> 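Dumping the structure here so I can ask a few things about it.
These figures come from a predicted structure and were not determined experimentally.
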Amino acid sequence: MKILILPDAPSACCAVANRMAALLKARPEAVLGLATGGTMEPVYAALIAQAAKGAFCATGFTSFNLDEYVGLAPDHPQSYHHYMRAHLFAPLGLAASNTHLPRGDAPDLEAEAARYEQAITQAGGIDLQLLGIGANGHIGFNEPSSSLVSRTRVKTLTRKTVEDNRRFFAPGETVPGYALTMGIGTVMDARNIVLLATGAHKAQAVAAMVEGPVSASCPASILQMHAHATVVCDREAAGALRMSEYYETVHPEGAEPALTIGPVV
Ligand code: F6R
């Protein structure tokens, strides 16, 4: 697991956008796994800015989002379909046929989950999965106690997650209590994973993910078992890491220098 600690949230978000842009430059037809939430908004803004400068071709990639609220149609302003169109797909000019999200309003959610898994497989799997982390350690909407080998399915959201998400809804509006989410096993199938965490309110979750035991109590801790997982965080989110000095020695300011070891004398 690579731990990159950046000085602040803007530089952490830029580092993630740069990785995505570099991948899309090298492989314009890459398959990206995407996340929503407040953390991702500046990442998508930075990615759009890079595309506008011609850093990469933004219309060739395919995307699969992690999750969608159960019961919300794609045109609902709080749906993740809407979020992705507003924050990334429309500004990039990406065709709707390149983008995939599970349908939270599907009449048969189990069939929709199976269809979604199959669509990911048919696309050849995910090259780079972008993740945020919940304050309780969730990834996607895999709440603590989720099976570490789960596949796409309906999950009940914890009260804390519902409360955390209330800020995106109008006062008095009902916040959905269920989501259709990629499973932890689905996420782990991605060839590369980048998890971004910013802010002091994520510090305990980040510490549990990186330095705690691998446990369903902190679903993100499963990333310890992934061969190509990178955690990008700002100093605040890294605030509870016991070994931050080591991570900062290996990757000063989040840099990934080529390893050059001189002769041992
Ligand atoms: C949403 C998702 C969630 C969020 C997490 C953090 O697609 O995958 O796991 O990444 O809830 O949300 P924010 O960024 O709003 O703190």
> What heavy-atom pair brings Ala240 and Ala207 nearest, and what distance separates the two atoms?
O-CB, 3.6 Å

> With sequence neighbours left out, what residues match Tyr69 under side chain to side chain donor-acceptor pair (under 3.5 Å)?
Tyr80, Asn165

> Distance from Leu92 atom CG to Phe61 atom CZ, nearest 0.5 Å?
5.5 Å

> Using modelled atom types and a 3.5 Å cut-off, is there a donor and acceptor pairing between side-chain atoms of Asp105 and backbone atoms of Gly71?
no

> So with a 6.0 Å cut-off around CD of Glu29, is the heavy-atom count from everything else above 12?
yes

> I'd like to know if Glu112 and Arg153 make a salt bridge, using a cut-off of under 4.0 Å between side-chain N and carboxylate O.
no

> Verify the cluster assignment for Leu131 and Leu196: are they in a single hydrophobic cluster under the rule of side-chain heavy atoms below 4.5 Å apart?
no

> Anything under 3.5 Å between a donor and an acceptor, one on a side chain of residues 3-16, the other on a protein residue two or more places apart or in another chain? List them.
residue	atom	partner	partner atom	Å
Asp8	OD1	Ser11	N	3.0
Asp8	OD1	Ser11	OG	2.6
Ser11	OG	Asp8	N	3.3
Ser11	OG	Asp8	O	3.0

> Quick check: does any side chain N or O of Glu41 sit under 3.5 Å from a backbone N or O of Thr36, one acting as donor and the other as acceptor?
no

> Got a second to check how far Asn98's CG is from Thr59's OG1, nearest 0.5 Å?
8.0 Å

> For atom OH of Tyr246, is the number of surrounding heavy atoms from other residues, nucleotides or ligands below 6.0 Å larger than 12?
no

> Only counting residues at least two apart or in another chain, list the ones meeting ring-ring contact (aromatic ring centres under 6.0 Å, His included) with His87.
Tyr83

> Heavy-atom count check: over 12 atoms from other residues, nucleotides or ligands less than 6.0 Å from Gln204 CD?
no

> Does anything in residues 179-217 pair up under ring-ring contact (aromatic ring centres under 6.0 Å, His included), and if so which pairs, sequence neighbours excluded?
none

> Do Thr230 and Arg19 have side chains that get closer than 4.5 Å, going by heavy atoms?
yes

> Just how far is it from atom SG of Cys218 to atom CG of Leu223, taken to the nearest 0.5 Å?
8.5 Å

> Can you hop from Met1 to Leu148 via hydrophobic side chains spaced under 4.5 Å?
yes

> Rounded to the nearest 0.5 Å, what's the gap from CZ on Arg191 to CG on Asp127? Could you check?
4.5 Å

> Flag yes if Val175 and Phe168 sit in one hydrophobic cluster, no otherwise; membership is Ile, Leu, Val, Met, Phe, Trp, Tyr, and two members link when side-chain heavy atoms are under 4.5 Å apart.
yes

> What I'd like to find out is whether the side chain of Pro176 reaches to under 4.5 Å of the side chain of Leu72, using heavy atoms alone.
yes

> Would you say the side chains of His81 and Glu68 form a donor-acceptor pair under 3.5 Å?
yes

> With side chains defined as the heavy atoms from C-beta onward, is the minimum distance between Ile126 and Met182 less than 4.5 Å?
yes

> Decide yes or no on side-chain contact (heavy atoms from CB on, under 4.5 Å) for Ser146 and Lys155, but give the supporting numbers first.
CA-CA 9 Å; Ser146 291; Lys155 281 298 293 180; 3.3 Å; yes

> Less than 4.5 Å apart, any side-chain heavy atom of Leu32 and any of Leu24?
yes

> For the side chain to side chain contact (heavy atoms under 4.5 Å, CB included) test, which of Leu66, Leu101, Leu109 pairs with Leu180?
Leu109

> Using the side chain to side chain donor-acceptor pair (under 3.5 Å) criterion, which residues pair with Glu143? Sequence neighbours excluded.
Asn136, His138, Thr158, Thr161

> Is it true that, when you exclude Glu173 itself, more than 12 heavy atoms of the residues, nucleotides or ligands shown sit nearer than 6.0 Å to its CD?
yes

> If hydrophobic clusters are built from ILVMFWY residues whose side chains come within less than 4.5 Å, do Val231 and Val187 share one?
yes

> Does Ile184 offer a backbone N or O that forms a donor-acceptor pair with the side chain of Ser150 under 3.5 Å?
yes

> With clusters defined by side-chain heavy atoms of hydrophobic residues (ILVMFWY) lying less than 4.5 Å apart, directly or transitively, does Phe141 cluster with Met84?
yes

> Please list, chain by chain and in numerical order, all residues satisfying salt bridge (Lys or Arg N to Asp or Glu O under 4.0 Å) with Arg151, sequence neighbours excluded.
Glu117, Asp189

> Looking at Arg235 and Glu248, is there a salt bridge between them, counting it only when a charged N and a carboxylate O are closer than 4.0 Å?
yes

> Any carboxylate oxygen within less than 4.0 angstrom of a Lys/Arg side-chain nitrogen, looking at Glu163 and Lys160?
no

> Could you go step by step and tell me if Leu195 and Met209 meet the side-chain contact (heavy atoms from CB on, under 4.5 Å) rule?
CA-CA 11 Å; Leu195 184 145; Met209 162 178 65; 3.7 Å; yes

> Show your working on side-chain contact (heavy atoms from CB on, under 4.5 Å) between Thr99 and Thr62 and close with a plain yes or no.
CA-CA 6 Å; Thr99 69; Thr62 299; over 6 Å; no

> Would you sort out whether Val162 and Asp164 count as a side-chain contact (heavy atoms from CB on, under 4.5 Å), showing the intermediate values?
CA-CA 6 Å; Val162 170; Asp164 285 350; over 6 Å; no

> Roughly how far, to the nearest 0.5 Å, is CD of Glu211 from CE of Met243?
6.5 Å

> So do the side chains of Met20 and Leu130 get within less than 4.5 Å of each other, counting heavy atoms only?
yes

> Are Lys2 and His228 side-chain neighbours, meaning at least one heavy-atom pair lies under 4.5 Å?
no

> Using modelled atom types only, decide if a donor and an acceptor are shared between the side chain of Thr156 and the backbone of Tyr178 within a distance under 3.5 Å.
no

> To the nearest 0.5 Å, how far apart are CD1 in Ile48 and OH in Tyr44?
10.0 Å

